[in-house]
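Just so you know, residue 1 is the first one in the sequence shown, and it goes up from there.
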Amino acid sequence: MSVILTEQDKLTLRTAAYGAVELMTAAAAAGKPGAHRAATDGSIALSSATGLIGHVLAKYPKGAKLNSKTVATLADQVLPALTAAMSLLNKQAPEEADNFRSTVVVAIKAAAQTHRGEPRPTLADMIRKITGALGAA
């Protein structure tokens with residue numbers, strides 16, 4: 001069975017995945033340098049995805065406005081997009097839902113690895129929020 005995703009479906013997936021990395025970047029910026037490294041490592045993880053998800057995430061979501069002035073505004077956009085992406089995949093491509101989830105988790109962990117040892121509390125809390133949104137579908 002071939003999966004057909006609309007451009008809006010692809011935008012939702014891209015917004016969710018790249019938005020999760022943006023949230024981690026914002027959390028990494030709270031207090032110490034390294035936000036650029038978090039963004040780079042997270043984006044590399046997304047661009048390393050395979051399967052249908054890899055093809056979709058190969059393109060940055062140009063139609064999404066992920067540069068918010070506050071983390072709260074960004075979270076208001078991204079966390080529901082993560083849940084919507086999982087719902088969409090569970091309905092249209094269940095075999096890709098785990099691929100998407102694991103790709104996003106790898107990306108946020110890569111973004112958190114920019115600091116030695118355990119993630120700082122701000123990063124750990126953002127990881128919890130992102131994984132919660134992924135599991136809410």
Side-chain angles (χ1 to χ4, degrees):
M1 176 175 107
S2 177
V3 177
I4 305 293
L5 295 174
T6 67
E7 286 305 312
Q8 183 59 46
D9 294 341
K10 292 176 186 177
L11 181 61
T12 298
L13 296 173
R14 290 175 186 134
T15 299
Y18 282 96
V21 171
E22 290 288 333
L23 284 173
M24 292 301 293
T25 301
K32 292 190 178 183
H36 290 293
R37 183 66 187 209
T40 299
D41 290 349
S43 294
I44 288 170
L46 292 180
S47 68
S48 299
T50 60
L52 175 66
I53 297 305
H55 291 287
V56 171
L57 297 182
K59 194 173 174 186
Y60 187 81
K62 292 181 182 172
K65 294 185 173 148
L66 293 173
N67 296 327
S68 296
K69 293 188 183 219
T70 68
V71 176
T73 303
L74 183 59
D76 288 346
Q77 178 186 11
V78 173
L79 296 177
L82 287 162
T83 303
M86 288 304 299
S87 292
L88 175 116
L89 290 171
N90 284 330
K91 287 178 190 167
Q92 294 185 19
E95 65 281 0
E96 287 292 322
D98 284 338
N99 186 13
F100 180 80
R101 181 184 298 105
S102 66
T103 297
V104 171
V105 169
V106 167
I108 62 176
K109 286 183 177 180
Q113 289 294 327
T114 59
H115 306 285
R116 305 240 185 253
E118 292 293 314
R120 289 192 323 272
T122 52
L123 288 169
D125 187 49
M126 192 58 72
I127 289 169
R128 182 189 58 75
K129 290 174 183 174
I130 292 168
T131 56
L134 285 168

Does Ile44 reach the side chain of Ser48, with side-chain heavy atoms less than 4.5 Å apart?
yes

How far apart are the closest heavy atoms of Ala17 and Leu57, and which atoms are they?
CB-CD2, 3.7 Å

Rounded to the nearest 0.5 Å, what's the gap from CD1 on Ile53 to CZ on Arg101? Could you check?
11.0 Å

Going from NZ on Lys59 to CG on Leu11, what distance comes out if it is rounded to the nearest 0.5 angstrom?
10.0 Å

If you take all heavy atoms of Val56 and Arg14, which pair is closest and at what distance?
O-NE, 2.6 Å

Minimum-distance pair of heavy atoms, taken over all atoms of Thr103 and Ala49:
CG2-CB, 3.7 Å

Nearest 0.5 Å, please: how far is CG in Leu5 from OG1 in Thr12?
10.0 Å

Run Asp9 and Thr6 through side-chain hydrogen bond (donor to acceptor under 3.5 Å, both in side chains) and show every step you take.
CA-CA 5 Å; Asp9 294 341; Thr6 67; 3.2 Å; yes

Assigning hydrophobic clusters by single linkage (Ile, Leu, Val, Met, Phe, Trp, Tyr; side-chain heavy-atom cutoff under 4.5 Å), is Ile130 placed with Val106?
no

Does the side chain of Val71 reach to within under 4.5 Å of the side chain of Met126, using non-hydrogen atoms?
yes

Contact summary for Leu79 and Ala133, nearest pair of heavy atoms:
O-CB, 3.5 Å

Any donor and acceptor pair, going by atom type alone, linking the side chain of Ser102 with main-chain N or O of Asn99 inside 3.5 Å?
yes

Is a donor on one side and an acceptor on the other found under 3.5 Å between the side chain of Asn90 and the backbone of Met86?
yes

Quick check: do Phe100 and Leu52 have side-chain heavy atoms less than 4.5 Å from each other?
no

Between Leu13 and Ala85, the two heavy atoms sitting closest are CD2-CB, 3.5 Å

dist Leu134:CG -> Ile108:CD1 (nearest 0.5 Å) comes out at 7.0 Å

Which heavy atom of Ile127 sits nearest to which heavy atom of Ala112, and what is that distance?
CD1-CB, 3.9 Å

Show your working on side-chain contact (heavy atoms from CB on, under 4.5 Å) between Val78 and Glu22 and close with a plain yes or no.
CA-CA 9 Å; Val78 173; Glu22 290 288 333; 5.8 Å; no

Quick check for you: to the nearest 0.5 Å, what is the distance between Ser87 atom OG and Gln92 atom CD?
11.0 Å

Yes or no on side-chain contact (heavy atoms from CB on, under 4.5 Å) for Met24 and Val21, after CA distance, side-chain angles and deciding distance?
CA-CA 5 Å; Met24 292 301 293; Val21 171; 5.6 Å; no

